[in-house]
Number of protein chains: 2
Amino acid sequence: MIIHPNISALTALLAEKSRAAILAALMDGKFHTASELAYMASIKPQTASFHLAKLEENNIIICEKHGRFRYFRLANDEVANTLEIIMSLSPLPEVRSLNQSSQLKKLEHARTCYDHLAGRVSVNLTNTMQQAGYIERNNKEFIVTAAGELFFKDFGIDLVGLSKKRRSFSHACLDWSERTHHLGGALGNGLFEKYIELGWIETKANSREIVITSQGKSGFKDLFGLEMQI
Amino acid sequence: MIIHPNISALTALLAEKSRAAILAALMDGKFHTASELAYMASIKPQTASFHLAKLEENNIIICEKHGRFRYFRLANDEVANTLEIIMSLSPLPEVRSLNQSSQLKKLEHARTCYDHLAGRVSVNLTNTMQQAGYIERNNKEFIVTAAGELFFKDFGIDLVGLSKKRRSFSHACLDWSERTHHLGGALGNGLFEKYIELGWIETKANSREIVITSQGKSGFKDLFGLEMQI
DNA sequence: TACATAATACGATATTCATCTAAGTATGGA
DNA sequence: TCCATACTTAGATGAATATCGTATTATGTA
């Protein structure tokens, strides 16, 4: 028997359609109740409960109890990154309806990746920040340059505060639809929350989809000279 | 139901222990017979045949028939890269014996990754070539610099010939033990074969393990100033 | 031809495990 | 106190599939 990393340990958890659906739903980074996840995965609550217990045991998700509700979320951004990588290696879903096709297009355009922005828009923004010399790519991380420090400060991002968080600061996160990297980590999250605060983007309930508002379009254009194609 | 890439399609193939063992064995990049693979995965030939058929159907492996033997190999280096990425995301194997422990240490030191070198040695060599300014990292590729062109030519590597091959030229391949990148692709393969030709490294039958010979140790030292710790 | 080896095909078995029904626990509100 | 809701647990069921014994095909060798 050849010694090798225990591939099955990870893949067995993801190989099951219902669990995959639950995890895909949780990739929006939000908390969801067990019933919500059951509905999203098209299974009965008992079955969802069974899968959620298994995922929790394996430290893939965590649970917070409030009253009679149990709120589930991905355990951390490392799990989210892993899932995003596996997605980037997997075939695109079979599209069976016009509705699914348009949903897929929207996700490819802009979506959440756990707690930051992903999709074409995110990759464009990341590239633009690189070209402007605000960040530099170094292996799996982006590094904020001196110019970048000024830029992010001007934009109202507290780099010092973010860097104190117990997580990757500016992870180069793999984008499954664009098959390249976008800015993740604490900095990616900081920007994401700033965009929300400014009303430039909006999340939708029970979906990873992100909508760029009209303020967002002009905002991104002013900030980066970036034209949003929708 | 949330639209997302079909994770299960890929992971279901890897979730089964016997198939995982077969694929791990094939990561040495060599052809293996069905019986060999059955033995390596500790299953009967019929069972191996069943799994091999399934893997072939899904274009994970290819088969060449010679006489009464069937030789199986990974389909291409894209499959190998995918497997290596999944391995880098998976937990290290549980080590149950001194023998396994020493085998793991050897693999972490130097092993084949499909058709090129992986492990600590490979990562060190890659870093050294980067520091010497022979190659530069650009996203998922390494780029050969002008200085690098001279260097590789001196070392007897035919860059023009390699670049004509219908595959990635110098892929930045993920190393599961070192959790960083080493040089893969056609250039990685070219160097690997040159090391073999020079007698610097030796492969072992039915193992991914690579042995650095004494010529290799002095060779790598002369070429890169790199001291091999064994 | 006869026999040994490599591999696959087929059928039976066993195991794993996702799913559901039914029942039970916990919580909040009337 | 009673009921509705959210969720889990337990047990039964069924489907998928990995495995192996047996048989068959293909090839090489004596």
Side-chain angles (χ1 to χ4, degrees), chain A residues 1-2 4 6-26 30-73 205-206, chain B residues 1-2 4 6-26 30-58 60-74 205-206:
Chain A
M1 180 74 81
I2 300 282
H4 62 90
N6 188 357
I7 301 177
S8 315
L10 172 64
T11 52
L13 282 170
L14 311 180
E16 213 282 320
K17 299 254 185 212
S18 301
R19 273 197 297 272
I22 288 173
L23 290 172
L26 289 172
K30 295 175 194 161
F31 279 99
H32 291 279
T33 64
S35 312
E36 259 175 23
L37 292 168
Y39 176 76
M40 288 194 241
S42 311
I43 47 178
K44 291 272 176 288
Q46 308 91 297
T47 310
S49 193
F50 163 76
H51 288 305
L52 291 168
K54 186 170 275 193
L55 290 170
E56 199 179 1
E57 267 170 36
N58 286 275
N59 302 313
I60 307 288
I61 62 175
I62 52 173
C63 175
E64 268 186 39
K65 201 176 171 188
H66 291 282
R68 50 185 169 172
F69 293 94
R70 280 169 157 259
Y71 293 91
F72 292 93
R73 206 189 54 183
N206 293 348
Chain B
M1 181 75 82
I2 300 282
H4 62 92
N6 189 358
I7 300 178
S8 315
L10 171 65
T11 53
L13 282 169
L14 311 179
E16 213 283 319
K17 299 253 185 215
S18 302
R19 274 197 297 271
I22 288 173
L23 290 172
L26 290 172
K30 295 174 193 160
F31 279 99
H32 291 279
T33 64
S35 313
E36 259 176 21
L37 293 168
Y39 176 75
M40 289 195 240
S42 312
I43 48 177
K44 291 274 177 283
Q46 311 90 298
T47 310
S49 196
F50 163 76
H51 288 305
L52 290 167
K54 186 169 276 194
L55 290 170
E56 199 179 0
E57 267 170 37
N58 286 275
I60 307 288
I61 62 175
I62 53 174
C63 175
E64 267 186 38
K65 202 177 170 187
H66 291 282
R68 51 184 169 174
F69 294 93
R70 279 168 157 260
Y71 293 91
F72 293 92
R73 205 188 56 182
L74 295 185
N206 292 350

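Proteins get letters first, then strands, A, B, ... in listed order; numbering begins at 1 in each.
The CG atom of B/Leu55 sits 14 Å away from the C1' atom of D/dT17 (whole-angstrom rounding). Separating the CG atom of B/Leu13 from the C1' atom of D/dA18 is a distance of 14 Å, rounded to the nearest angstrom. If you take CD1 of A/Ile43 and C1' of D/dT8, they are 14 Å apart, rounded to a whole angstrom. Per the geometry, NZ belonging to A/Lys44 stands 22 Å off P belonging to D/dG11, to the nearest Å. The NE2-C1' distance, from A/His66 to D/dT5, rounds to 18 Å in whole Å. For the pair A/Glu64 CD and D/dA6 C1', the interatomic distance rounds to 17 Å; values are reported in whole Å. Between the NZ atom of A/Lys17 and the P atom of D/dT17 there is a distance of 11 Å, rounded to whole Å. Across the protein-nucleic acid pair, A/Phe50 atom CZ and D/dT8 atom P stand 13 Å apart, rounded to whole Å.
The side chain of B/Arg70 places no N or O atom within less than 4.0 Å of a non-bridging phosphate oxygen (OP1 or OP2) of D/dA26. Between B/Thr33 and the phosphate of C/dA6, there is no side-chain N or O to OP1/OP2 separation shorter than 4.0 Å. Residue B/Lys65 places at least one side-chain N or O under 4.0 Å from the OP1 or OP2 atom of D/dT27. At the phosphate of D/dA18, OP1 or OP2 sits under 4.0 Å from a side-chain N or O atom of B/Lys54.
In this structure, of D/dT8, C/dA6, D/dC20, it is C/dA6 that holds the atom nearest to the side chain of B/Arg68. For A/Ser49, counting side-chain heavy atoms from C-beta on, the closest listed nucleotide (D/dT9, C/dC20, D/dA18) is D/dT9. For A/Gln46, counting side-chain heavy atoms from C-beta on, the closest listed nucleotide (D/dT19, C/dC20, C/dA18) is C/dC20. The side chain of B/Thr47 lies closest to D/dT19 when the candidates are D/dT8, C/dT8, D/dT19. Relative to the side chain of B/His51, the nucleotides D/dA18, D/dT8, C/dT21 differ in distance, and D/dA18 lies closest.
DNA chain C is contacted by both B/Ala53 and A/Arg19; B/Ala53 maps to the nucleotide lying nearer its 5′ end (nearest heavy atom per residue). Each of A/Glu16 and A/Gly67 has a nearest nucleotide on DNA chain C; the 5'-most of these lies closest to A/Glu16.
Taken from CG in A/Leu55 to CG in A/Leu37, the straight-line distance is 9.5 Å, to the nearest 0.5 Å. Annotation: the span from A/Ile7 atom CD1 to B/Leu14 atom CG amounts to 6.0 Å, rounded to 0.5 Å. With rounding to the nearest 0.5 Å, the separation of NZ in B/Lys44 from OG in B/Ser18 is 12.0 Å.
Minimum interatomic distance between B/Arg73 and B/Lys30 (heavy atoms only, all atoms of both residues): CG-O, 3.6 Å.
Counting non-hydrogen atoms of neighbouring residues, nucleotides and ligands closer than 6.0 angstrom, the OH atom of A/Tyr39 reaches no more than 12 such neighbours.
Here B/Phe72 lies in heavy-atom contact (under 4.0 Å) with sugar-phosphate atoms only.
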